[in-house]
2 protein chains.
Amino acid sequence: MNSSFFIYISGMKRKIRQERESEIIEGFYQLAKEVGLENASIAKIGKFLNIPPSLIMHYFPNRDFLIQALIRYILEHYQLIYEPIIEHLNVSHKLDVQELVGRLFSREWNLLFDDGVFYSCYALIFRDKSIRAAYKNLHLALRRTLEDILNQDSAFAEMDTRQLAEQIYVVVEGAYYYLAMIDDEEEYQEKLQYFKKQVLGLLQDEVNAEFRR
Amino acid sequence: MNSSFFIYISGMKRKIRQERESEIIEGFYQLAKEVGLENASIAKIGKFLNIPPSLIMHYFPNRDFLIQALIRYILEHYQLIYEPIIEHLNVSHKLDVQELVGRLFSREWNLLFDDGVFYSCYALIFRDKSIRAAYKNLHLALRRTLEDILNQDSAFAEMDTRQLAEQIYVVVEGAYYYLAMIDDEEEYQEKLQYFKKQVLGLLQDEVNAEFRR
DNA sequence: CTTAATATTGAATGAACATTCAATAAATAT
DNA sequence: ATATTTATTGAATGTTCATTCAATATTAAG
C-alpha cells in the first residue's frame with residue numbers, strides 16, 4: 001500500500017463504495033418521500049434497504065453528512081431533470097415562446113420529482129449557510145440557462161434578458177409553491193393559465209422592455 | 001386560602017387553559033425557530049418553558065395535536081401581521097400603486113415572521129390533506145383582500161382583478177421563496193427591484209388587461 | 001500465499017423520545 | 001365545608017434514536 005495522505009481505493013473497492021453511497025442516498029430519498037424527511041431515520045433507511053444501520057454510518061459518519069449528501073442528490077437531479085426540458089428548445093434564431101412557457105410549467109418533470117422532500121430541505125436554508133448557498137447555486141444556474149436561450153433570439157436583443165429570466169422564474173417558482181396547495185384539477189388548470197399568460201406577457205411586452213432599460 | 005391580591009373571575013380554569021395552551025404553542029414556535037421544527041421535541045419545549053412534558057401532553061394529547069395547533073398559530077399570525085399592512089391603504093377612489101407594491105414586499109413584516117418554521121410546516125402539505133387545506137385557505141384569503149382593494153379603484157374596473165391578484169401574489173410569494181437564498185444585501189435589493197417593477201407592470205398594463213379578458 | 005485495507009454484519013450503548021401514571025395542588029361547584 | 005373537577009408535578013414506561021464496537025468476510029497489495 002502506498003503511504004500518501006490520500007486514501008487510495010482501487011478498482012472494485014471504489015466501485016463498491018460509490019454504489020453503496022448512491023444506494024443509501026437514493027433509499028434515503030425514497031423513504032423521505034414516503035414518511036417525510038423528519039421521520040426518515042438511519043435505522044429506517046437500513047430496514048428499507050435491508051442493510052444494518054452501522055453500514056450506513058460506515059459511509060456517512062453522522063446524520064449531517066447524510067443530509068448534505070441528500071441535498072446534493074436532490075439539487076443535482078432537479079437540475080438534471082429540469083434543464084434539458086428547457087434547454088433542448090433548439091432555438092433557430094426564432095424562439096417558440098409558447099413552447100418555452102409550456103415546458104417551464106410542464107407537469108411531466110413534476111411527476112419525476114417529489115416536492116415534499118425538496119421543500120423540507122429548502123426549509124433548512126434558514127439555519128444552514130452552506131445549504132442556502134447550494135440552493136442559491138441551483139436557482140442561479142436555472143436562470144442562466146434561460147437567459148442563454150433568450151439571448152439566442154434576436155427579438156430579445158434590446159431587452160435585459162437577465163432581468164427577464166429572473167422575472168420569469170419568480171413566476172414559475174411562485175406558481176409551483178402555490179399550485180401545490182390546490183387539489184381540484186379544474187381550479188388548478190384555471191390558475192395555471194393565469195401564470196402562463198403572465199409569463200407570455202413578460203416575453204411579449206416590448207413596451208415594458210424599453211421602460212425597463 | 002389568601003386571595004386578597006387576586007381577583008378570581010368565574011371561569012378561571014378556562015382562562016388558565018387558554019393561557020397555557022397559548023404559552024405552549026408560542027414556546028413551540030420560538031423553539032422551532034431556534035433549533036428547527038424537527039428538533040423541537042416535547043421534552044425540549046418543556047425545558048424551554050420550565051414545565052414538565054406531561055403538562056404539555058395534558059393539553060395536547062399527542063404530537064400531532066401540537067403540530068396542528070402550531071400551524072393554526074402560524075397561519076393566523078401570518079394573516080394577522082400581513083393583511084393590515086396592505087388593507088389599511090385607505091383607497092379613496094385612487095389607489096397608490098407604488099405604496100401598494102412597497103407594502104407587498106415590505107421587509108418589516110418579514111422581520112416579525114420567521115420563514116424557517118413557515119416553510120417546514122409548508123412541506124407538510126404534501127403528505128397531509130388538512131394542512132394543505134389550511135395553507136390554501138390562508139393564500140386564498142390574502143388574494144381576496146388584495147382583490148377587494150383593487151376593486152375599490154375604478155381604474156381597475158375593466159380588469160379581471162381576481163386574475164390580477166393571483167398574478168401579483170405569485171410574484172410576491174416566488175420572490176420571498178427566492179430572495180431567502182440571497183445573503184448579499186446589494187444583490188438582494190437589485191432583484192427585489194426586478195420583482196417590484198414586475199408587479200407594477202402588471203398593475204399598469206392596460207393593453208394586457210384587454211388581451212387577457 | 002500472506003498481510004493489510006476495506007466492506008459488512010449484528011449486538012450493544014446510552015441518550016432522547018413520546019407517552020403514561022399516580023400523587024398533589026388549586027379552583028369550582030354543591 | 002366538602003366533594004368534584006381540573007392543573008400541575010415528577011417519576012417511570014418502553015421505544016426509537018444515532019452511534020460504537022468487535023467480529024467476520026471480501027478485496028487489494030506485496
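Below, chain A is the first sequence line, B the second, and so on; all start at residue 1.
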Practice item. Using the six-membered ring wherever Trp is involved, compare the ring planes of B:H77 and B:Y73 and label them parallel, tilted or perpendicular (cut-offs 30° and 60°). Key: tilted
Practice item. Specify the separation, in whole Å, of atom CD1 of B:I45 and atom P of C:dC17. Key: 10 Å
Exercise for review: Respond yes when some side-chain nitrogen or oxygen of A:R20 is under 4.0 Å from OP1 or OP2 of C:dT8, and no when none is.
Suggested key: yes
Practice item. Decide yes or no for A:L124 and A:I67: does some side-chain heavy atom of the first lie under 4.5 Å from some side-chain heavy atom of the second? Key: yes
Practice item. Give a yes-or-no answer on whether the side chains of A:Q193 and A:Q189 include a donor-acceptor pair shorter than 3.5 Å. Key: no
Check your understanding: Tell me: CD1 of B:I51 to C1' of C:dA25, nearest whole Å?
Key -> 16 Å
Practice item. Round to the nearest Å and state the distance from A:L31 atom CG to D:dC17 atom C1'. Key: 14 Å
Review point. Roughly how many Å is it from CZ in A:R14 to C1' in C:dA7, rounded to a whole number?
Key: 16 Å
Point to revise | Whole angstrom value for the distance that separates P of C:dT8 from CD of A:E19 | key: 10 Å
Practice item. Between B:I16 and B:N39, name the one whose nearest nucleotide on DNA chain C is closer to the 5' end. Key: B:N39
Check your understanding: Would you say the ring centroid of A:Y135 lies under 6.0 angstrom from that of B:Y177?
Key -> no
Check your understanding: Which is it for A:E83 and A:Y78 under the side-chain hydrogen bond (donor to acceptor under 3.5 Å, both in side chains) test, yes or no, and what are the steps along the way?
Key -> CA-CA 8 Å; A:E83 278 206 318; A:Y78 192 106; over 6 Å; no
Practice item. Report the distance from atom CZ of B:F28 to atom P of C:dC17, rounded to the nearest whole Å. Key: 12 Å
**Study point:** Rounded distance in Å - CZ (B:R17) to P (D:dT5)
**Key:** 15 Å
Point to revise | Quiz item: cation-pi between B:R143 and A:Y178, 6.0 Å / 45° | key: yes
Practice item. To the nearest Å, give me how far apart NZ (A:K15) and C1' (C:dT6) are. Key: 17 Å
Review point. Would you say the ring centroid of A:F105 lies under 6.0 angstrom from that of A:F195?
Key: no
Check your understanding: Counting only non-hydrogen atoms, which of residues 52-71 of chain A are less than 4.0 Å from DNA chain C?
Key -> A:P52, A:S54, A:L55, A:H58, A:Y59
Practice item. Would you indicate, yes or no, if D:dC17 has its OP1 or OP2 atom less than 4.0 angstrom from a side-chain nitrogen or oxygen of A:K44? Key: yes
Check your understanding: So does A:S41 get a side-chain nitrogen or oxygen closer than 4.0 Å to the phosphate oxygens (OP1/OP2) of D:dT16?
Key -> no
